[in-house]
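Every chain is numbered from 1, with letters handed out A, B, ... down the list of sequences.
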2 protein chains.
Amino acid sequence: MSQDDAGIDLETSLGYLLKEAASALRAAMEDVLRPLGMTITHYSCLELLAQRPGSSNSDLARGAFVTRQSMNVLLQTLERDGFVTRPSEAPVGKVLPTKLTPRGRRSLEQATAAVRSVEVRMLSGLSDADHAAALRILRSMVSSLRADPAADADAGSAVADRGGGLASGV
Amino acid sequence: MSQDDAGIDLETSLGYLLKEAASALRAAMEDVLRPLGMTITHYSCLELLAQRPGSSNSDLARGAFVTRQSMNVLLQTLERDGFVTRPSEAPVGKVLPTKLTPRGRRSLEQATAAVRSVEVRMLSGLSDADHAAALRILRSMVSSLRADPAADADAGSAVADRGGGLASGV
DNA sequence: CAACCTATGTCAGACTATTGACATGAGTCA
DNA sequence: TGACTCATGTCAATAGTCTGACATAGGTTG
C-alpha cells in the first residue's frame, strides 16, 4: 500500500531505466557523431538508405523514429549537400525513392565505424546470453507497448505518425 | 567481412532496438499524458519532486535527462501555474530548493496512474526473471556507456551537462 | 463506375530542447 | 588569506522536432 500509490519508484522502474539507457546511448552517439558534423537522425537516415536503397521519405521517417515532416526537411538538406538523390518526379504514385550518392556512402562509412565503437562499448559488460536476452526482452516490450492501448479507454487516433520502426518491411 | 564493414545490421542491433523501445515508450507515455495537459519532462519533474522534495533545478534536470536550462524554463512555468514553489532567495549557496504544492501533488496523482498503466502494459509479456534480467542488463549498459570514452581518442569535455540520472544521490 | 479511405509529400507555424555564455557561491589547496 | 576549480542559476540565440493542414495518388468497396 505504501509503495503502490505513492508514485513510481524510479530506482526500480524499468521505464525510467529504459529512458536512462536511451539517454546515455544518445549522448554517446552524439559525442562521436558531432566531430563528423552529423546528428543521430542524419546518421540513421544514411544507414537506413544503405540497407534499403530506394526507401521513401515516410519509410525513412518510420525507421528513424521521427515524423515524416522532420525527415523531409532533413532529406532536403542531404539532397542539397549531395549525400542523397531523389528523382524530381515520382515514377509511381507519390513516392520519391531515395538513394545514397558515393559521397553519402563515404560519409556513412566513417559514421558507422564511430557508432559501432559506441555499441561495442555498450555491450562490453554483457555475455552473449545477456545480449540475446536483451534482444528478446526489448522486442517483447516494443510489441506490448504498441498493442492496442484502448482496451477500455480512448486514445485511439494517436498512433498515426511515427509508428513502426523498420520491422514491418520483412 | 561482408557483414562487418557493411554497416550496422538494424535488425539485430541492440542500440537500434533500444532506441526503438524508448521511442515506443515515449509515444505511449505521451498518449496518456496528453489528455492531462502534461509532457513527459513535465511529469518527470513532478515525480522526481515527490520522491526528492527540495531538489535543485540541476538535480531535476539530471533526473529527467534534460539540460538544466530546459528544466529551468519548465520550472518557471510550473511555478507560475502553481504546481511547485521555489524560494525567491537561496537559503544557502545558489540552490533554490523546489517543492510540490498540493495542486502539484494532485496533478501528479493522475499522471502517475496513467504512467503506471503504460509500464504495466510494457511488462505484460515478461516473467519476473525477465524483469530482473532487464534491470541488470540495462544498468550494465548505462554504466558502460558512461565509462570514459577517451581511452585512445579525445572527446573528453562532452559529458558536462545531462550526465547522471538520479543514481548518484544515494 | 463512383465514393471512400489510407498513405504520401510538402508547406507553415509553434514548441521544446540544446548550445553558448556569464556571474555568483562553495569547496579545495597552497 | 588568495587563487583555483567546480557547480549552480539564468539569459540569449539556435536547432531539431512536432502539430496542423492541404493536395494528390492508389486501393477498396458499395
Closest to the Ser70(A) side chain, choosing from dA26(C), dT17(D), dT10(C):
dT17(D)
What nucleotide, of dT19(D), dT8(D), dT19(C), holds the atom closest to the side chain of Arg34(A)?
dT19(C)
Within the 4.0 Å heavy-atom criterion, would you say Leu96(B) contacts the bases, only the backbone, or no part of the nucleic acid?
sugar-phosphate
Distance-only, no hydrogens or angles: does the Thr101(A) side chain make a donor-acceptor pair with backbone N or O of Phe83(A) under 3.5 Å?
yes
Is the distance from OP1 or OP2 of dT8(D) to the nearest side-chain N or O of Arg62(B) less than 4.0 Å?
yes
The helix from dC1(C)-dG30(D) to dA30(C)-dT1(D): angle between terminal helix axes, five bp per end, to the nearest 10 degrees, reads 40°
Between the CG atom in Asp59(B) and the CE atom in Met71(B), the distance rounded to the nearest 0.5 Å is 10.5 Å
Looking at the side chain of Thr41(A), which of dT17(D), dC11(C), dA23(C) is the nearest nucleotide?
dT17(D)
Any Glu47(A) side-chain heavy atom under 4.5 Å of Tyr16(B) side chain:
no
Quick one: list whatever passes salt bridge (Lys or Arg N to Asp or Glu O under 4.0 Å) with Arg136(A), sequence neighbours left out.
Asp130(B)
Could you tell me if the side chain of Leu145(B) sits less than 4.5 Å from the side chain of Val118(A), heavy atoms only?
yes
Tell me whether the side-chain N/O atoms of Arg68(A) come closer than 4.0 Å to OP1 or OP2 in dG20(D).
no
Is Gln69(B) near enough to dC22(C) that one of its side-chain N or O atoms lies under 4.0 angstrom from OP1 or OP2?
no
Among dT8(D), dT10(C), dT18(C), the one nearest any side-chain atom of Ser58(B) is dT8(D)
Quick one: is Asn72(B) getting a side-chain N or O under 4.0 Å of the dT10(D) phosphate, OP1 or OP2?
yes
dT18(C) OP1/OP2 closer than 4.0 Å to side-chain N/O of Thr67(B):
yes
Would you classify Thr39(B) as touching base, sugar-phosphate or nothing, given that sugar-phosphate means primed atoms plus P, OP1 and OP2, and contacts are heavy atoms under 4.0 Å?
nothing
